[in-house]
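One structure below.
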Amino acid sequence: MFKELGNLALKRTTQQAVGFYIVYLIGIALVAMVIAGGYAVVTGSDSYNLGVQIGSIVAIVACLGLSFQILKLKKLTGNTKLLMVAIGSAILAYLGGGLLGLIAVAYLTTR
C-alpha cells in the first residue's frame, strides 16, 4: 500500500493509490501548517483565516505540480483527457483543498 511513494512514474494499483493519497494528504497538511505557522510568527498574526488561505494555496500548487510531474514522467502529456484531469486537480484543490485535489492526482498515478 505504501510502496515506492516517491516514484511518481510507477503505475499504482487502487490500493497503492489510496496509500499515496493518504501520505501526500498528510504531507500537504504538514507543509501548509509549517508555512502558516512561520508566517504567523514573523508577522505576529494568529488568524485562522490566514491558515486556511495558505493551506489552499499550498494544496493548489502541490496538486497541480504533482499532476503534471506524474504526466511528464509517465510520458502522458499528449493525452488531452489526462491533462484535463490534471487541471481538474487544481480546481478541486481550490474547492476543497488537498482533500479533494489529491483524488485526481491519485487517479493519475493509476494510469
Kindly indicate whether the side chain of [X], heavy atoms from C-beta on, has any atom under 4.5 Å from the side chain of [Y].
X: F20; Y: L108; value: no
X: R111; Y: L82; value: yes
X: L83; Y: N79; value: no
X: T109; Y: L10; value: no

Considering all heavy atoms of both residues, which atom of [X] and which atom of [Y] are nearest to each other, and what is their separation?
X: A86; Y: L64; value: O-CD1, 3.7 Å
X: K74; Y: K11; value: NZ-CA, 3.7 Å
X: Q69; Y: L8; value: CG-CD1, 3.7 Å
X: A9; Y: L73; value: CB-CB, 3.9 Å
X: G101; Y: C63; value: C-SG, 3.5 Å
X: V105; Y: S89; value: CG2-CB, 4.1 Å

V34 and Y39: CA distance, side-chain angles, deciding distance, side-chain contact (heavy atoms from CB on, under 4.5 Å) verdict: CA-CA 8 Å; V34 168; Y39 186 80; over 6 Å; no
query: Got a sec: does the CZ of F68 have more than 12 other heavy atoms crowding it under 6.0 Å?
result: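 For F68, atom CZ is crowded (more than 12 foreign heavy atoms under 6.0 Å).
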task: Keeping the roles fixed (side chain from Y21, backbone from L99), state whether a donor-acceptor pair exists under 3.5 Å.
output: yes
query: Hey, any chance I87 and I57 share a hydrophobic cluster, counting ILVMFWY side chains that come within less than 4.5 Å of each other, even indirectly?
result: no
query: Would a hydrophobic clustering, with Ile, Leu, Val, Met, Phe, Trp and Tyr connected at side-chain separations under 4.5 Å, put V61 with L50?
result: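 V61 does not cluster with L50.
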task: With side-chain contact (heavy atoms from CB on, under 4.5 Å) as the test, would you mind laying out the steps for L66 and L102 before giving the verdict?
output: CA-CA 9 Å; L66 282 170; L102 280 173; 4.2 Å; yes
- request: Calculate, to the nearest 0.5 Å, the distance between atoms CG and CG belonging to L25 and L100 respectively.
  value: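 The CG atom of L100 is 10.0 Å from CG of L25, to the nearest 0.5 Å.
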